[in-house]
Amino acid sequence: MEPVICYPTEGLHQPDLAGYGAVRAGAAKVSETIIPARDARCFRVPAGHFFRITSIEGPQVGDLNLWNAQDISERFYSGKSRALHGTHLTIGDRMWSGFPYLRPMATITSNTLDWYRIDEYGGSVHDVIGTRCDPYTNNLLSGGQYHHCCHSNLTRALADETGMALSEAEAHVHDVMNVFMCTGFTRDTGQYFMKSSPVRPGDFLEFFAEINLLGGLSACPGGDCSAEHSSDKAVCYPLLVEVFKPEIPPEGWCKPDVNGYDQTHGRG
Ligand SMILES: [Zn+2]
């Protein structure tokens, strides 16, 4: 039997990439954040602005979290973004928020690694299939306490940004988009794999913020993720996040509404 696409996206409202591109040309940089190697930082992007994640100094992958800046209970839903767009995201794909919202938080507008496509192992870049490296899995598989997994880095960054306790911030850290990481599933056993990222200094991934965003980005301790993560063994580099403000909003663009559903009607 032929497979059937679970979620055909032809009916989705498509982003106006030409409209985004038209206002991006005259946009001015309003802020930048350096993400130190093996650590994370938060950054804010108003709706209608662009943000760009750039590799600097050396090949490095980043673990990206997104929250609604006004209400961080609305956050990126990697599973549904994957179900809608596929295992790896590129230009025109959206980062969707979870229930009860399910709206685009950001749209990818530029990707210098678009040329990589899908390699002979089924690997590609910018995945939404991994989770984030974390100290619990590391302890489970290898034993020991490691404090610079992306999960811990993002927890500390969110706590620093918001004033929350670490335990409170931890509950808001979620499955990531693995920016620049090269991953896939092995064909024979279906296991998650990683391989050396093709990212080089100067490569970037750029997004249009559809709503007011609080972002968190961790420069993964795996470096280019060619060998291992959750240790200090890999060579790691910082990442750069820049925010750009267009002179005018894209023509016809407005902040997406939450995607309505009233579950109280289900009680009959
Ligand atoms: Zn990581």
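Counting convention: from 1, in listed order, for ligands and their atoms alike.
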Check each of Asp119, Asp224, Asp127 against Lys195 using the salt bridge (charged side-chain N to carboxylate O under 4.0 Å, His left out) test, and report the only one that passes.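 Only one option passes, and that is Asp119.
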
Any idea how Tyr20 and Phe208 line up, ring-wise: parallel (<30°), tilted (30 to 60°), or perpendicular (>60°)?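 It falls in the parallel class, under 30°.
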
If I take atom OG from residue Ser218 and atom NE2 from residue His148, how far apart are they, to the nearest 0.5 angstrom?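 So the OG of Ser218 and the NE2 of His148 are separated by 10.0 Å.
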
Using 0.5 Å steps for rounding, measure from the CZ atom of Phe207 to the CG atom of Asn111.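 Those atoms lie 9.0 Å apart.
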
Return the number of protein N, O or S atoms with a distance to the Zn ion (ligand 1) smaller than 2.8 Å.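 N, O or S atoms of the protein closer than 2.8 Å: 3.
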
Residues forming a side-chain contact (heavy atoms from CB on, under 4.5 Å) with Ala37, sequence neighbours excluded: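 Per chain and number, Ala37 pairs via side-chain contact (heavy atoms from CB on, under 4.5 Å) with Cys236.
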
Which heavy atom in Thr33 sits nearest to a heavy atom in Cys42, and how many Å separate them?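 Closest pair (atom of Thr33, atom of Cys42, distance): CG2-O, 4.1 Å.
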
